[in-house]
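Counting convention: from 1, in listed order, for ligands and their atoms alike.
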Amino acid sequence: MSSDGNIERREFLAGIGVAAAGLFAVGCGGGTKRQSACVSTTIADQDRLQRIKKHYVDMSTVADKNCLNCHFYTEGLRAGACGECSQFGGPVHPKGYCDDWKAKA
Ligand code: SF4
């Protein structure tokens, strides 16, 4: 492989690293009322609006009701990680909550 090819390969790998860092930036922290721990810059405006309309929060204030025990929740890849909600796009916190909460069957 030529030196130009090596440079292209390094740039390609660096690009993958930046993309991976971006994915990990869709993190899941402790969850506070002030700031969402499960955030993504790629959430569509429509989904962002749904979150607001349904009063989604990262930390439920309703006893025994949270995303983890909600019918619409799909767990993240690792324990405590942000999961997904079938009601709207974007990551949601396992301790989160919204108006659409429904007990898991
Ligand atoms: S419907 Fe609400 S409570 Fe249920 S998983 Fe989605 S965001 Fe969480």
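Annotation for ligand 1: atoms under 4.0 Å from non-hydrogen atoms of Tyr56 are 7 (S). Taking every non-hydrogen atom of Phe88 and a distance limit under 4.0 Å, the qualifying atoms of ligand 1 come out as 7 (S). Residue Gln87 has at least one heavy-atom neighbour below 4.0 Å for each of these atoms of ligand 1: 1 (S). The distance from ligand 1 to the heavy atoms of Tyr73 drops below 4.0 Å at these ligand atoms: 5 (S).
A donor-acceptor pair is defined here as one N or O able to donate and one able to accept, closer than 3.5 Å; such a pair exists between the side chain of Asn66 and the backbone of Asn69. At distances below 3.5 Å, at least one donor-acceptor pair connects side-chain atoms of Ser60 with backbone N or O atoms of Lys65.
Cluster annotation: Tyr56 is not connected to Ile52 through the hydrophobic network of ILVMFWY side chains, with a link wherever side-chain heavy atoms come within less than 4.5 Å.
Looking at atom 6 (Fe) of ligand 1, its nearest protein heavy atom turns out to be Cys85 SG, 2.3 Å. Of all protein heavy atoms, the one closest to atom 8 (Fe) of ligand 1 is Cys67 SG, 2.3 Å. When only non-hydrogen protein atoms are considered, atom 3 (S) of ligand 1 lies nearest to Cys98 N, 3.6 Å. In terms of protein heavy atoms, atom 4 (Fe) of ligand 1 is closest to Cys70 SG, 2.3 Å.
Side-chain atoms of Glu75 and Leu68, non-hydrogen and from C-beta on, do get closer than 4.5 Å to each other.
The SG atoms of Cys82 and Cys38 sit under 2.5 Å apart.
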Can you check side chain to side chain donor-acceptor pair (under 3.5 Å) on Tyr97 and Asp99, steps first, answer last?
CA-CA 7 Å; Tyr97 178 78; Asp99 297 343; 5.6 Å; no

